[in-house]
Engineer: 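Attaching a single structure in structure tokens format; questions to follow.
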Amino acid sequence: MTGSLSYEQLLAAAKEFGTPVYVYHAEKIKEQYEKLVSAFAALDTQFFYACKALTNINVLRYVKSIGCNIDCSSINEVKLALHAGFEPQKILYTSNGIAFSEIEEAVAAGVHINIDSLSNLEKFGKKYGSTYPVGIRIRPNIMAGGNLKISTGHDTSKFGIPVSQLHLIKDMVAANGIFIRTLHIHTGSDIKDADVFVQGMEVLFELLPHFPELEVIDLGGGFKVPYQPGETETDIVLLAQKISDAFAAHPQAAGQRFKLWFEPGKYLVSQCGYLLTEVTVLKDTGAITFAAVNSGLNHLIRPMMYDAYHHIENISNPGGPEKVYTVTGNICETDTFAADRPLNEIREGDILAFYNAGAYGFEMASNYNSRFKPAEVLYQEGKPRLIRRRDEMADLLRNLVEE
Ligand SMILES: *Cc1c(COP(=O)(O)O)cnc(C)c1O
């Protein structure tokens, strides 16, 4: 068990690199990856890191070094993956709502592609016919995931081609001889229940007779990790067992040697990350004691955007008596990180560590209020190193056209 970075390691990073700062723990990513690999060892499985969770090029290179593939959500992420050294065969582009020109670029780069609309599938068929094996994203009409904002497979979701439009897919495939190699679903994020993945597979299994050239079943990402103390992550061993059983039990799938793909984002990088902030102002208003930190929703938007819970520790005073605080940022907008949270007594200048900040943390950061984006630091083999400098004034002025 690699576990987590110690308070001493986090405090040392805050001291050396200043705050606010994102700190990532490389070996934690490896630990999560190895859990997946060992759980699915009996099946022909490949994992594609959904890199939109965290795209720092040094993290991408680390992910590559441990043998993981990569899943991209934009053509720019494909370019970043190539820049990080991933071979095209290890890159998957799962698109949605994109211009066809991005698919042309992805074909030129030689990466795997999952197409998410009939419109692009038709253009693809007309241009490439059977020459370029491709995947299609199916909307299975399943409700899954932590909340509606992160649920993507239900029957009003924009993602994927509704399974009810199978006849249209088939017509298009037949008209152009399209080589459908992959059927893909991704039903949401924060999915704890293994049965959701099996349910999705069952939907895909029903489609098998229509796609005789199929080689890959891609079940997307969305594995849950613990955010609150006492929560548990998706039981990956149980999931692997259930998936293996589902393959064996289904008449259309049993005996066929499909490759199984997954696209974990959060599962790989959520727990590796910490956002370290400094308490700038304590404000006792009688009913509520506010602790304001030198950060805000501009750096970590998940609490305000998804009502996400992020565990917080006062790593400067871990032995202090517990008191109740509402932790906020410094943005001119309500940016509550945690309301009525018991924490070890906070003094101005203390360092608060936000946990589970690896996935969708820095990646969703902005310069709102003309604040700088934080620095990023990677702890590897016990040593921290800067992997992105904090913004400076020049970054706020870059690209501005001044007379
Ligand atoms: C975001 C995304 C993922 C990763 O989701 P997590 O919840 O971070 O595991 C995987 N596949 C696709 C297509 C995605 O859009």
Side-chain angles (χ1 to χ4, degrees), residues 24 28-29 32-33 35-36 39-40 45-55 59-60 63 68-78 81 91-98 102-103 106 111-117 120 134-140 142 144-154 157-161 182-194 196-197 200 204 216-227 231 233-234 236 239 260-273 301-302 305-306 308 356-364:
Y24 311 120
K28 182 66 187 174
I29 302 175
Q32 293 296 100
Y33 178 62
K35 273 195 271 183
L36 292 175
F40 282 92
T45 316
Q46 289 196 59
F47 299 95
F48 293 75
Y49 164 50
C51 73
K52 72 173 188 284
L54 174 58
T55 57
V59 172
L60 300 190
V63 167
C68 189
N69 300 341
I70 188 162
D71 175 50
C72 301
S73 299
S74 72
I75 194 68
N76 291 343
E77 285 185 356
V78 171
I91 301 174
L92 170 61
Y93 182 13
T94 302
S95 62
N96 89 83
I98 60 167
E102 288 199 19
I103 292 181
V111 305
H112 302 289
I113 304 166
N114 286 333
I115 292 180
D116 144 291
S117 66
N120 272 333
V134 77
I136 44 176
R137 179 170 186 167
I138 300 291
R139 194 185 76 190
I142 293 174
N147 65 56
L148 192 57
K149 276 190 194 163
I150 54 175
S151 179
T152 54
H154 56 85
S157 157
K158 72 163 184 168
F159 296 96
I161 305 172
T182 304
L183 287 179
H184 162 89
I185 49 170
H186 171 69
T187 55
S189 195
D190 255 5
I191 307 169
K192 179 146 179 254
D193 184 1
V196 167
F197 291 91
L204 295 186
V216 181
I217 300 224
D218 175 352
L219 295 180
F223 304 142
K224 184 175 170 47
V225 295
Y227 277 82
E231 269 186 340
E233 63 184 32
T234 310
I236 297 296
L239 175 68
L260 182 61
W261 288 3
F262 287 104
E263 304 155 0
K266 200 174 261 188
Y267 188 82
L268 290 177
V269 300
S270 173
Q271 298 161 95
C272 84
I301 202 171
R302 299 189 73 258
M305 178 118 155
Y306 305 119
N356 286 85
Y360 312 109
F362 183 92
E363 209 55 37
M364 296 177 91

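Order of appearance sets the numbers: ligands from 1, and atoms from 1 within every ligand.
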Engineer: What is the ring orientation for H112 with W261, classed by angle as parallel under 30°, tilted 30 to 60°, or perpendicular over 60°?
Structural biologist: perpendicular
Engineer: Verify whether the ring centers belonging to F223 and F197 lie closer than 6.0 Å.
Structural biologist: yes
Engineer: Less than 4.5 Å apart, side chain to side chain, heavy atoms only: is that true for N356 and V225?
Structural biologist: yes
Engineer: Aromatic contact between F40 and F262, with the criterion being ring centroids under 6.0 Å apart: yes or no?
Structural biologist: yes
Engineer: Between D116 (side chain only) and T94 (backbone N and O only), is there a donor and an acceptor less than 3.5 Å apart?
Structural biologist: no
Engineer: Please tabulate, one line per pair, the protein N or O atoms found under 3.5 Å from any N or O atom of ligand 1, giving the distance to one decimal.
Structural biologist:
from	atom 1	to	atom 2	distance (Å)
ligand 1	7 (O)	S189	OG	2.4
ligand 1	8 (O)	K266	N	2.7
ligand 1	8 (O)	Y360	OH	2.5
ligand 1	9 (O)	G222	N	2.8
ligand 1	9 (O)	G265	N	2.9
ligand 1	11 (N)	E263	OE1	2.6
ligand 1	15 (O)	K52	NZ	2.8

Engineer: Please determine which of K224, K192, K35 meets the side-chain hydrogen bond (donor to acceptor under 3.5 Å, both in side chains) test together with E233.
Structural biologist: K35
